[in-house]
Amino acid sequence: MKNRILSLLKQTMDELVQEGFVPGYELNTINITTPPNKDFGDFASNIAMTMAARAKKPPRDIANAVKVKMEALGDIIDRIDIAGPGFINFYIKPVVWTSVLNEIHDQKELYGTSSLGAGKKVQVEFVSANPTGPLHIGHGRGAAVGDTLVRILAAAGFDVEAEYYINDVGNQMNNLGLSVLSRYRELFGEKITFPDQGYKGEYIKDLATALSKIHGEDLLRQNQSKAVEICREFASRSILEEIKSDLDTFNVSFDRFFSESTLYENNEVDIMLEYMKDQGLSYEDDGALWFRTSRFGDEKDRVLRKNDGTLTYFAPDIAYHKDKLARGFTQIIDIWGADHHGYVPRMKAAIEALGADKDCFNALLIQLVSLVRQGKPVQMSTRSGEFITLKEIIDEVGKDVARYFFLMRRCDSQLVFDLDLAKKKSDENPVYYIQYAHARICSILANASEQGMYADMETADFELLATGEDLELIKVIATYPDVVAGCAADLEPHRIAFYLLDLATAFHRFYNKNRVLSDDGRMTKARLVLISAVKQVLANALALMGIEAPQSM
RNA sequence: GCGCCUGUAGCUCAGUUGGAUAGAGCAACGGACUUCUAAUCCGUAGGUCAGAGGUUCGAAUCCUCUCAGGCGUGCCA
């Protein structure tokens, strides 16, 4: 609907330009918004005010010219008002709104999709936790945000791929191996000194126990490095399996798990280093190899290879992003914890150094999650091994609630996860509030079908719906495609969560004031179509968030 | 010290990229079930948009400074 008004307005402005009434303008200066107040119409434009200075005419004069031309133009506009300093307020004919019911009926689960991203290949990389321990609650937020963003981008017509980068090379992997081996020796009664940087969680002991069942005492007789390797391989494989299974129960899926080790196997790191050298972008100093990131806006140069000969984390990461670029993505989105924000300038520098436009790379930073139980913060620390895992959260509050809670804040806002609220099955919990709306509709439709009545597009009289709460409800479902497109364009998945709340509110309000099944047969038929459409949109939006739409509660 | 994020009702947060009288939910108070699911709805009250300047027709939104909280500032990952 918004787009229809927009194109009418563009047409009008073009005519005014041709007539010499106003000077030429840039396309993106035309902006349609929904006014803060229903009294100001369905849509509004500030074009008269933004043009006033350049046209050297009072805004209200320009607004009036637009009004006269546009009122003659379309059959969807009821009337146009000019308000305040020069706002143009558009009032849509009520019956026109009801056409969205036909759209929803025709498109079903495709309602809300668009071609915004047609022809664009996007990759979203998220979670990417090291296989050194189970996913914790912070990973959960990244997983929920990333997975939902992927679904939104797909709905907006992007060719999108979800990827998980496995850091299975390097020091922390050895650490893992050492940690497990220590616990293993402990099992056989050896006195051990646990490594300083070791992983202290209980799961390490479980892994050691599992190893002892497979190998018996054999590893005690192996030489140290061989034993560590066996422990490392076994542990990382087991943990990765567990991570995958957790993601699966969280309804999060990936198109590809990309292993860091393949970068070495395919020599991609060396090729990248060679490229940097050839381009004059790297140099040796102090026995280390440096990358001139400062040339691309970073505050100082960064080390690629340390003076002990080993590579920094940054080096394979550049090679990894080179690989991504080579795969032909027009846009690369990395979802990171906000504590990695200092890493953004150097990654952007790398992207630019690799010959790509730095704007094709986006880092979405996810702020911290803290847990609250009975009003008190729950202490967490990865190092000491005291952390709440994603699995524990899912077991406690359920997958749907967890996903919604992770998405009910803007990404760059810290999130307080209230476990007591999450478990409450009442109106305070937004998830139940939304799902309840869907279940209520299902219940009405079930009652209707018992009486042999169904939503029937042919016989329903939409004019009956062009008033009151019926019309308000229709307007909310009509904005859904704009919401999805907006989320995709601005990479802000949380807006879906807020939209769902608005839609559920509009439905509950409607429900309390009106009956669907009544003695009035014509109204009953019309409203069956209406609530079927609402049900469809609720289901579509919930699906974008990966949340169930229950038939009954 | 420097950089990034945040600061909006008692609490938790939105705010359509600079628009009109700043909005929800919870908590508080008062109402609505012979009615398709009361896990619901309606009403009342609640504000120096952290503070001070600036930019302009117009600022919660943009710029500068100050204050407060979080994070970063490794040849860690």
Side-chain angles (χ1 to χ4, degrees), chain A residues 2 31-37 39-40 44-46 49-50 52-53 58-59 83-87 89 130 132 167 170-173 175 197 285-290 299-300 302-314 317 337-345 365 367-368 370 372 375 408-416 418 421 424-437 439-448 450-451 479 482-483 486 489-490 492 494-495 497-498 501-502 504-505 507-518 524 527 531 552-553:
Chain A
K2 197 177 196 169
N31 202 6
I32 299 276
T33 58
T34 52
N37 192 320
D39 298 336
F40 296 137
S45 174
N46 61 356
M49 285 167 340
T50 56
F87 287 104
N89 293 335
N130 297 343
T132 55
N167 292 124
N171 226 340
Q172 78 281 5
M173 296 307 296
N175 237 324
Q197 299 296 314
D285 188 35
D286 258 350
L289 181 69
W290 296 74
E299 56 188 18
K300 61 178 218 181
R302 306 292 172 177
V303 171
L304 294 171
R305 191 175 54 230
K306 296 175 259 182
N307 60 17
D308 69 359
T310 63
L311 295 170
T312 60
Y313 175 85
F314 190 32
D317 220 18
D339 53 341
H340 287 67
H341 70 78
Y343 206 73
V344 176
L365 300 172
Q367 280 289 347
L368 200 91
S370 56
V372 167
M408 67 182 183
R409 300 275 179 272
R410 260 185 8 240
C411 289
D412 48 15
S413 179
Q414 293 190 4
L415 172 70
V416 178
D418 185 333
L421 174 61
K424 240 176 230 173
K425 301 203 169 182
S426 76
D427 52 350
E428 292 171 55
N429 190 329
V431 185
Y432 292 104
Y433 181 85
I434 293 161
Q435 290 183 320
Y436 187 53
R440 260 186 161 170
I441 294 173
C442 291
S443 171
I444 299 171
L445 292 174
N447 286 335
E450 270 176 33
Q451 298 169 40
T479 64
D482 294 333
V483 173
D490 299 337
E492 293 195 341
H494 74 280
R495 289 197 216 158
F498 284 92
L501 216 46
D502 284 346
T505 301
F507 172 73
H508 287 310
R509 182 175 294 153
F510 160 85
Y511 176 91
N512 269 275
K513 214 157 172 190
N514 306 283
R515 281 194 62 86
V516 175
L517 308 177
S518 69
T524 298
R527 284 189 170 148
I531 64 166
S552 68
M553 287 172 75

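No experiment lies behind these values; they were computed from the predicted model shown. Protein chains get the first letters and strands the later ones, always in sequence-line order, with residue 1 at the start of each.
- Remark: side-chain polar atoms of Asn307(A) are not paired, donor with acceptor, to backbone N or O of Ala288(A) under 3.5 angstrom.
- Using a 5.5 Å limit on the distance between ring centres and a 30° limit on the angle between planes, the aromatic ring of His341(A) does not count as stacked on the six-membered base ring of rG3(B).
- Using P as the reference atom, rU8(B) and rU40(B) are 27 Å apart when rounded to the nearest Å.
- Regarding Leu421(A), its CG atom lies at a distance of 12 Å from the C1' atom of rA27(B), rounded to whole Å.
- Contact annotation for Phe498(A): backbone-only contact, meaning every heavy-atom pair under 4.0 Å involves sugar-phosphate atoms and none involves a base.
- Among the protein residues, Thr34(A) comes within range of the nucleic acid bases, having at least one heavy atom under 4.0 Å from a base atom.
- For the pair Arg440(A) and Phe507(A), the cation does not sit on the ring face, since its NZ or CZ is not both under 6.0 Å from the ring centre and inside 45° of the axis.
- Note on Arg410(A): a side-chain N or O is less than 4.0 Å away from OP1 or OP2 of rG15(B).
- By the 5.5 angstrom centroid cut-off and the 30-degree plane limit, Phe40(A) is classified as stacked against the base of rA20(B).
- If you check every strand for non-hydrogen atoms under 4.0 Å, Asn307(A) touches a base.
- Looking at heavy-atom distances under 4.0 Å, Asp286(A) makes contact with a base.
- Mapping His494(A) and Pro36(A) onto RNA chain B by nearest heavy atom places His494(A) at the nucleotide closer to the 5' end.
- In this structure, Ala44(A) reaches the bases: a heavy-atom distance under 4.0 Å links it to at least one base atom across the strands shown.
- The ring of Phe87(A) lies on top of the base of rA20(B), close enough and flat enough: under 5.5 Å between centres, under 30° between planes.
- Among the heavy atoms of the strands, none lies under 4.0 Å from Asp418(A).
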